[in-house]
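Below is one structure, written out as structure tokens; the observations come after it.
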Amino acid sequence: MSAQHSWFETEPYPGGINRIWEPHVHSFFRANLYHVVGRDADLVIDFGMGLRSLRQFLGLKDDRPVIAVATHVHVDHVGSFHEFHCRLGHSAEAPAFSTMSDTSTLADLFRTQPDGVSRAPDPEWTPDRYRITPAPLSDILDEGAQVDLGDRSYRVLHLPGHSSGSIGLLDELNGVLFSGDAIYDGTLVDDLPGCDKSEYRKTMERLCDLDVSVAFGGHGVPMARKRMQSIAENYLDLCS
Ligand SMILES: [Zn+2]
Ligand SMILES: [Zn+2]
């Protein structure tokens, strides 16, 4: 395996779903990226830190369409977004994808994080030069929009709170949700600049009622419905 490939780790799940993460990135910024191989198109959800080429790692075939969806604009999810042509995300964060400013991505938190990486992505790398390449959206995914892969399709859920344009993708037929940072199996974050706790509470109420068999979060391992519900209920209890 080449050095390029060893930057990422990957775990396959049923239904052509691959969970990918960057083991050398500090745990706070170590997000999940997903590659879903559909019948007519590949779907890539979230894009890591952009420290090495995600597109190269995925080894995508040139003759198949690739749909790239960012669940939200935070630094740990959008680093390699610019490597894709068909880039989709929520309208509330559209201007932020165009500039990738620190104000929206919070990349400054990573730049100043001691031990942001346990291994440099290349010998010349230094954290102070870390920047995210702008990646303007090619199309908007607001509540109710569909992402179709031919053999399955995802409905867009707007799940604000963690950020204003946070979205999830729900495959209603198979009960699969990609939830970004709206919910994941780990400590949820609602106190960063741009977070809105009252919006987050509404999102959690919605997630409590959502009928899914598995949710793939922006961090941590996948959650069965019961686990997702208890995380959402716990959040609501803590704020009541
Ligand atoms: Zn995250
Ligand atoms: Zn986030």
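As the structure lists them, so they are numbered: ligands from 1, and atoms in each ligand from 1.
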Strictly under 2.8 Å, is any N, O or S atom of Asp181 next to the Zn ion (ligand 2)?
yes
N, O or S of His219 under 2.8 Å from the Zn ion (ligand 1)
yes
Does either side chain, that of Tyr34 or that of Asn32, offer a donor lying less than 3.5 Å from an acceptor on the other one?
yes
His162 N/O/S atom closer than 2.8 Å to the Zn ion (ligand 2)
yes
The Zn ion (ligand 2) -> His74, closest N, O or S atom is ND1
Can you classify the ring geometry of Phe216 versus Tyr13 as parallel (below 30°), tilted (30 to 60°) or perpendicular (above 60°)?
perpendicular
For the Zn ion (ligand 1), give me the closest N/O/S atom belonging to Asp76, just the atom name.
OD2
Backbone or side-chain N/O/S of His77 under 2.8 Å of the Zn ion (ligand 1):
yes
Parallel, tilted or perpendicular for Tyr200 and Tyr235, by the 30°/60° rule?
tilted
Between Ser230 and Glu233, a side-chain donor and acceptor under 3.5 Å:
no
Ring centroids only, cut at 6.0 angstrom: are Phe47 and Phe84 within range, meaning strictly under it?
yes
